[in-house]
Amino acid sequence: MRCGNKFVPINNMSQILPLAELHLDQVEAIEQRAHSHPWSSSMIRDVNSRGACHHVLVDNEQVVGYFYAQNIVGEVTLLNIAVDPQHQGKGYGKRLVNAFIEMCENLNAESAWLEVRESNVTAFGLYEAIGFNEVDRRVNYYPSANGKEDAIIMSYIFF
């Protein structure tokens with residue numbers, strides 16, 4: 001099963017597109033600004049990994065957010081998602097998560113999975129509102145400024 005390559009227009013100036021090489025510099029810059037413990041450049045630039053389903057949200061020809069996902073035999077995992085901090089609070093995160101769910105549906109996925117830092121209450125609330133459910137925790141999983149924090153594992157089951 002592969003990722004769909006169709007683009008999803010959001011409005012006249014915004015669209016969700018499959019991640020392409022031309023987006024990587026902007027994605028890497030957002031990754032550095034948006035995360036306390038960002039992915040390495042090599043991880044960001046590994047766009048052809050097994051089951052890769054990576055997309056960007058482009059507004060006025062500028063990448064404002066992205067998600068990296070992996071589809072393995074009908075189980076899709078949201079590996080990384082971010083919105084440029086200067087564009088947060090505008091609904092882009094919700095658009096990205098909804099595009100991720102739509103992509104999963106188009107792939108006939110059975111389930112979608114993600115992890116979120118316990119301190120990221122905004123993201124947790126968004127995922128829960130969209131239909132993800134907390135199913136487990138990885139205790140002391142993520143590095144944090146004060147040591148470690150839990151990863152909340154969430155799932156979305158498609159019927």
Quick one: does [X]'s side chain get under 4.5 Å of [Y]'s, heavy atoms only?
X: Val64; Y: Val58; result: no
X: Met154; Y: Ile152; result: yes
X: Ile72; Y: Arg50; result: yes
X: His54; Y: Phe67; result: no
X: Tyr127; Y: Ile81; result: yes
X: Leu126; Y: Val97; result: yes
X: Glu75; Y: Gln70; result: no

State whether the side chain of [X] and the backbone N or O of [Y] hold a donor-acceptor pair below 3.5 Å, judged by distance alone.
X: Glu31; Y: Ile44; answer: no
X: Arg117; Y: Pro143; answer: yes
X: Gln15; Y: Leu57; answer: no
X: Gln88; Y: Val83; answer: yes

Distance-only donor-acceptor check, side chains [X] and [Y], under 3.5 Å:
X: Asp84; Y: Gln86; answer: yes
X: Tyr142; Y: Glu118; answer: no
X: Asn80; Y: His35; answer: yes

Query raised in the report: Is Arg45 salt-bridged to Glu28, cutoff N-O under 4.0 Å?
Result: yes

Query raised in the report: Taking NZ, NE, NH1 and NH2 as the nitrogens, is one of them in Asp59 or Arg95 under 4.0 Å from a carboxylate oxygen of the other?
Result: no

Query raised in the report: Quick check: are there more than 12 heavy atoms from other residues, nucleotides or ligands sitting under 6.0 Å from OH of Tyr141?
Result: no

**Report entry** Greater than 12 external heavy atoms within 6.0 Å of Gln32's CD
**Finding:** yes

Determine the minimum heavy-atom distance between [X] and [Y], stating which atoms define it.
X: Met43; Y: Tyr68; answer: O-CE2, 4.2 Å
X: His37; Y: Ser144; answer: CE1-CA, 3.8 Å
X: Cys104; Y: Ala112; answer: SG-CB, 4.1 Å
X: Leu79; Y: Trp39; answer: O-CZ2, 3.7 Å
X: Val76; Y: Met103; answer: CG1-CE, 4.1 Å
X: Gln26; Y: Val63; answer: OE1-N, 2.9 Å

Report summary line: Test side-chain contact (heavy atoms from CB on, under 4.5 Å), reference Ile153, set Leu114, Asn133, Val116, Val135, output is Val135

Report task. Could you tell me the separation between the CD atom of Gln62 and the OG atom of Ser14, rounded to the nearest 0.5 Å? Result -> 10.5 Å

Requested in this report: Kindly indicate, with the supporting measurements, whether the criterion side-chain contact (heavy atoms from CB on, under 4.5 Å) is fulfilled by Phe158 and Ile101.
Outcome: CA-CA 9 Å; Phe158 298 91; Ile101 293 296; 4.0 Å; yes

Query - Chi angles and distances behind the side-chain contact (heavy atoms from CB on, under 4.5 Å) call for Cys53, Leu107 - result: CA-CA 10 Å; Cys53 296; Leu107 293 168; 4.3 Å; yes

Query - Aromatic plane relationship, Phe100 with Phe132 - under 30° parallel, 30 to 60° tilted, over 60° perpendicular - result: parallel

**Report entry** side-chain contact (heavy atoms from CB on, under 4.5 Å) between Val27 and Leu19, intermediate numbers included
**Finding:** CA-CA 9 Å; Val27 167; Leu19 177 69; 3.9 Å; yes

